[in-house]
Amino acid sequence: MLNNPFSPMAEIVLDKSYLDGAPTSSVLALCDRFEVLLSDELFFEMMTTAPHSQKRCFSKLPNRENPVGLIPNAGFLLRFERENQRQCTPLRQHRFNDRYIFNQKLRKGSFVFEGEVLENLNRWRSQVEGDTKKFVDRWLVVHQFFPELNGIEWRDFPAAITKVRQKIALDYDFVRGLYASLLHEDAPPHAPAPATVGPPWAWFRWVQCQVLAALRIFERYGGRLPQNPGPEFWRKAEHSMLDVYYVILGTLA
C-alpha cells in the first residue's frame, strides 16, 4: 500500500532538481512535516555540482543535527533483497541512524575537497562513470526486447514507443517477464525469483524504470549513439542515469 502523501509519516525522496530550484521555505516545511530522505545519489550530485549550486542546495536544508534521513543508493537495496530474499521497503529501515551534521562550509560554499575526502570522491566519480556507460549500453539494445519496434516506418515509431512504455508502466506481469529475461541472460547470485517480486521490490522498480528510461532515450537518438560523443553527451547521460535512480527510490517510497 502506498503511503498517504498527506501523512506525517510519508517518505519523501528528494531529488537534485527540486532541492536546487525550490524556495528555502518550501524545503524547510517539507523537512518539518514529512520523513524526508536524501540518497547517496543526491549526495553525490550535491558534492560534485558547481559551487554556487552546492551552496544553494546545502543551505536550504535545516541547520540542525540529522536534518534529513540519509539512505543508501539503489545498488545497496538490490543487494539487500538478494541477501535477505525480501523486499527492501519501507525505505526508512535503511536510514543512517547515527547523529550527524553537514559541514557548515558546505552551506557557505567554502568547503575544500582534499585528502581522504577527495580520494573517496574521485573513486565515487569513477563508479558513476562506469554506471553511466552501462546505462547507455542498455538503451542501445533495449529494442531487442520489443519486436514491435523493429522494421516499422519512422512516422509510426513515436506512437509505438509510447504504447510500449505504457505497457511497462501498467502491466506488472510484463515487467516480471522482462526481469526473468534479464536473469536468464546474466543472473546475479541469489537474485529473487521473478514470481516473488512486485512494486515494493527494488528489483522490480529497477527493471521497470531502467527500461522506461532506455526507451525514452532510444527514441530521442533514433537508436544510435551520436558520432564521437563528447563531454556534453556523457554529462547528460549521467544526469539521466541518476534521475532514474531518483524515480526508483520515489516509487519505493
Side-chain angles (χ1 to χ4, degrees), residues 13 15-17 39-42 44-45 71-82 87-89 91 94 127-150 158 160-225 229 233-253:
V13 176
D15 81 338
K16 175 67 160 48
S17 296
S39 69
D40 272 356
E41 289 85 359
L42 176 53
F44 171 79
E45 285 208 276
I71 58 172
N73 55 43
F76 173 94
L77 301 179
L78 296 174
R79 289 193 299 274
F80 174 88
E81 291 183 347
R82 282 198 293 109
Q87 65 195 46
C88 67
T89 51
L91 294 180
H94 306 290
Q127 179 180 332
V128 170
E129 288 176 2
D131 290 345
T132 302
K133 178 63 167 58
K134 293 176 183 177
F135 176 73
V136 171
D137 289 343
R138 278 192 289 273
W139 68 253
L140 286 173
V141 300
V142 69
H143 63 287
Q144 296 177 7
F145 293 99
F146 306 98
E148 60 268 41
L149 298 179
N150 299 316
I161 288 283
T162 297
K163 186 175 181 180
V164 168
R165 294 184 77 221
Q166 288 175 338
K167 186 175 184 179
I168 297 167
L170 302 173
D171 189 338
Y172 290 172
D173 286 336
F174 183 71
V175 176
R176 291 187 186 92
L178 285 176
Y179 171 61
S181 296
L182 293 171
L183 290 185
H184 180 72
E185 294 293 329
D186 186 21
H190 311 298
T196 64
V197 302
W201 288 70
W203 278 101
F204 181 93
R205 294 302 192 181
W206 188 92
V207 171
Q208 187 183 41
C209 296
Q210 289 283 353
V211 175
L212 283 170
L215 284 167
R216 177 174 58 84
I217 302 175
F218 180 83
E219 179 186 7
R220 180 193 303 169
Y221 289 101
R224 296 181 178 86
L225 191 69
F233 168 83
W234 290 107
R235 184 186 68 83
K236 290 181 178 179
E238 178 183 298
H239 288 175
S240 294
M241 185 268 296
L242 291 170
D243 285 345
V244 172
Y245 288 129
Y246 293 135
V247 177
I248 292 171
L249 295 170
T251 56
L252 292 172

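Only this structure's heavy atoms are used, side chains among them; waters, hydrogens and symmetry mates stay out. Being a predicted model, the structure only gives us computed values, none of them experimental.
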**Report entry** Heavy-atom closest contact (Glu81 atom, Pro192 atom, distance)
**Finding:** O-CG, 4.0 Å
Query - Side-chain heavy atoms of Val211 within contact of Phe174, under 4.5 Å - result: no
**Report entry** Contact check, side chains of His239 and Glu45, non-hydrogen atoms, under 4.5 Å
**Finding:** yes
Query raised in the report: What do you reckon, are the aromatic ring centroids of Phe44 and Tyr245 less than 6.0 Å apart?
Result: no
Query - Flag side-chain contact, heavy atom, 4.5 Å: Leu183 against Pro188 - result: yes
Query raised in the report: Pro199 and Leu252: which non-hydrogen atoms are nearest, and at how many Å?
Result: O-CD2, 3.8 Å
Report summary line: Nearest heavy-atom contact between Gly198 and Arg176 is CA-NH2, 3.9 Å
Query raised in the report: Where do Pro72 and Ser39 come nearest, in terms of heavy atoms and distance?
Result: O-CB, 4.3 Å
Query - Any Ile248 side-chain heavy atom under 4.5 Å of Leu77 side chain - result: no
Query - Val175 and Ile168, any side-chain heavy atoms less than 4.5 Å apart - result: yes
Query - Heavy-atom pair of closest approach, residues Trp139 and Phe218 - result: O-CD1, 3.2 Å
Query raised in the report: Salt bridge or not for Asp137 and Lys134, using N-O below 4.0 Å?
Result: no
Query raised in the report: If you measure from CG on Leu78 to SG on Cys88, what distance do you get to the nearest 0.5 Å?
Result: 8.0 Å
Requested in this report: Answer yes or no: is there a side-chain heavy-atom contact under 4.5 Å between Trp201 and Tyr179?
Outcome: no
Query raised in the report: Below 4.5 Å, heavy atoms only, C-beta onward: do Val128 and Met241 meet side chain to side chain?
Result: yes
Requested in this report: Given side-chain contact (heavy atoms from CB on, under 4.5 Å), test Val136 with Trp234 step by step and report yes or no.
Outcome: CA-CA 9 Å; Val136 171; Trp234 290 107; 3.6 Å; yes
**Report entry** Side-chain touch Asp40/Phe76, heavy atoms, less than 4.5 angstrom
**Finding:** no
